[in-house]
Amino acid sequence: MLTHVNEQGQANMVDVTDKSNTVRIAIAHGEISMNSKTLAAIKDNSNKKGDVIATARIAGIQAAKKCSDLIPLCHPLALTKIALDFEIDEENQKIDVSAMCKLTGKTGVEMEALTAVSVALLTLFDMCKASDPLMEISGIKVIDKQGGKTGHWQRNECELNE
C-alpha cells in the first residue's frame with residue numbers, strides 16, 4: 001500500500017497525528033572513492049579549500065535539519081541529535097561517511113540520515129573536484145533503524161542478496 005497517495009491517487013503527506021511518540025534513530029552510510037593524491041590531501045588537511053571533513057560534517061548536519069524543505073512529503077522534524085562520522089580508507093582509496101539522526105517523535109528519521117550522508121558526500125566532491133573530477137559517490141543506504149511500529153532492524157547484506 002502506498003502511504004503517500006490519497007484515495008484520488010494524489011500525492012499526500014501522511015497524517016501521523018495518532019502515532020505514538022517514540023525514540024527514533026536512523027543511521028545511513030555512503031562512500032566516495034577518489035585518487036590517492038586527493039585522499040592524502042584530505043587526510044593531511046592540505047586541500048586548498050580548507051578542512052574538507054569539517055566542512056562536510058557541517059553540511060551534513062545542516063542538510064538533515066533541512067530535509068523537509070528538500071523532499072516534498074517529509075514532515076519537518078525537531079531532531080535532537082545529528083552526528084556524522086568519516087572514515088578514511090587508504091587501502092581502498094575512499095572515505096566512508098555515516099550519519100545518525102535521532103529524535104523523540106511520531107515519524108522516522110531515515111530520510112534525514114540519508115540526506116545528511118548525501119550532502120556530506122556531495123560536499124566532499126565539491127571541495128575536491130579540482131584535484132579529482134573522477135570521484136565516485138556510491139552505496140548510500142540506511143543501515144540501522146530504531147523506533148516506531150517496525151521497531152529495530154539492521155541491514156544484513158546476506159539477507160538482502162538472497
Side-chain angles (χ1 to χ4, degrees), residues 1-34 42 49 51-89 92 94-129 135-162:
M1 180 173 124
L2 298 174
T3 59
H4 286 76
V5 178
N6 67 15
E7 296 80 24
Q8 293 79 35
Q10 300 164 334
N12 179 53
M13 181 184 254
V14 174
D15 184 354
V16 297
T17 305
D18 295 330
K19 289 176 113 183
S20 299
N21 280 322
T22 62
V23 174
R24 296 166 185 265
I25 300 169
I27 301 170
H29 176 268
E31 60 189 44
I32 185 167
S33 58
M34 61 194 67
I42 293 170
K49 290 188 175 183
D51 189 334
V52 174
I53 300 290
T55 304
R57 178 174 283 112
I58 292 167
I61 291 168
Q62 288 179 320
K65 295 191 302 185
K66 293 290 192 178
C67 186
S68 66
D69 292 337
L70 300 169
I71 301 173
L73 300 178
C74 282
H75 292 84
L77 302 179
L79 297 170
T80 57
K81 179 70 177 168
I82 305 166
L84 278 90
D85 291 315
F86 297 79
E87 184 177 323
I88 295 174
D89 180 349
N92 296 302
K94 66 179 183 167
I95 299 176
D96 293 310
V97 179
S98 296
M100 184 278 298
C101 292
K102 181 179 180 180
L103 61 64
T104 298
K106 296 175 181 258
T107 189
V109 291
E110 297 92 341
M111 296 310 300
E112 288 71 15
L114 287 165
T115 301
V117 165
S118 298
V119 171
L121 289 165
L122 289 169
T123 301
L124 291 172
F125 191 99
D126 180 53
M127 293 193 70
C128 299
K129 66 184 181 241
M135 289 177 288
E136 185 174 315
I137 294 170
S138 62
I140 299 171
K141 59 193 166 210
V142 176
I143 61 170
D144 190 283
K145 181 248 178 223
Q146 299 175 42
K149 184 171 61 174
T150 58
H152 184 209
W153 64 263
Q154 292 179 310
R155 179 175 289 270
N156 182 328
E157 296 297 340
C158 296
E159 289 177 9
L160 294 173
N161 292 327
E162 289 180 355

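Below, all heavy atoms of this structure are taken into account, side chains as well, without hydrogens, waters or symmetry copies. The structure presented is a predicted model; accordingly, all values stated were derived computationally and were not measured.
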Under the side-chain hydrogen bond (donor to acceptor under 3.5 Å, both in side chains) test, residues paired with Asn92 that sit two or more places apart | Asp89

Residues in side-chain hydrogen bond (donor to acceptor under 3.5 Å, both in side chains) contact with Lys81, at least two apart in sequence or another chain | none

Enter the distance from Thr22:OG1 to Lys149:NZ here, rounded to the nearest 0.5 Å.
-> 12.0 Å

Please round to the nearest 0.5 Å and tell me the distance separating atom OG1 of Thr104 and atom CG of Leu77.
-> 11.5 Å

Spacing of CG belonging to Leu124 relative to CD1 belonging to Ile95, to within rounding of 0.5 Å = 5.0 Å

Residue pair Ile137 / Leu122, side-chain heavy-atom distance below 4.5 Å | yes

At what distance, to the nearest 0.5 angstrom, does CG of Leu103 lie from CG of Leu79?
-> 5.5 Å

Quick one: does Phe86's side chain get under 4.5 Å of Ile32's, heavy atoms only?
-> no

Distance-only donor-acceptor hits, side chain of residues 108-115, under 3.5 Å, sequence neighbours excluded:
residue	atom	partner	partner atom	Å
Thr115	OG1	Met111	O	2.7

Kindly give the heavy-atom pair with the smallest separation between Ala120 and Val97, and that separation in Å.
-> CB-CG1, 4.1 Å

Side-chain heavy atoms of Met34 within contact of Cys128, under 4.5 Å | no

If every non-hydrogen atom of Ala28 is compared with every non-hydrogen atom of Val117, which pair is closest and at what distance?
-> O-CG2, 3.5 Å

Would a 4.5 Å heavy-atom cut-off, applied to side chains only, mark Gln146 and Val23 as touching?
-> no

List for me each residue that meets side-chain hydrogen bond (donor to acceptor under 3.5 Å, both in side chains) alongside Ser20, sequence neighbours excluded, and say none if there are none.
-> none

Validation: residues 51-71 side-chain donor-acceptor distances under 3.5 Å, sequence neighbours left out:
residue	atom	partner	partner atom	Å
Asp51	OD1	Ile53	N	3.3
Asp51	OD1	Ala54	N	3.0
Thr55	OG1	Asp51	O	2.8
Arg57	NE	Leu84	O	3.2
Arg57	NH2	Leu84	O	3.3

Where at least one partner belongs to residues 18-33, residue pairs that pass salt bridge (Lys or Arg N to Asp or Glu O under 4.0 Å), sequence neighbours excluded = Glu31-Lys94

With rounding to the nearest 0.5 Å, note down the distance linking CG in Asp85 to CE in Met100.
-> 8.5 Å

Val142 and Arg155 have their tightest heavy-atom pair at O-NE, 2.9 Å

Hey, are the side chains of Asp126 and Lys49 touching, using non-hydrogen atoms and a 4.5 Å cut-off?
-> yes

Check side-chain hydrogen bond (donor to acceptor under 3.5 Å, both in side chains) between Lys102 and all other residues, then give those that pass, not counting sequence neighbours.
-> none

So how far is it from His75 NE2 to Lys106 NZ, rounded to the nearest 0.5 Å?
-> 10.5 Å

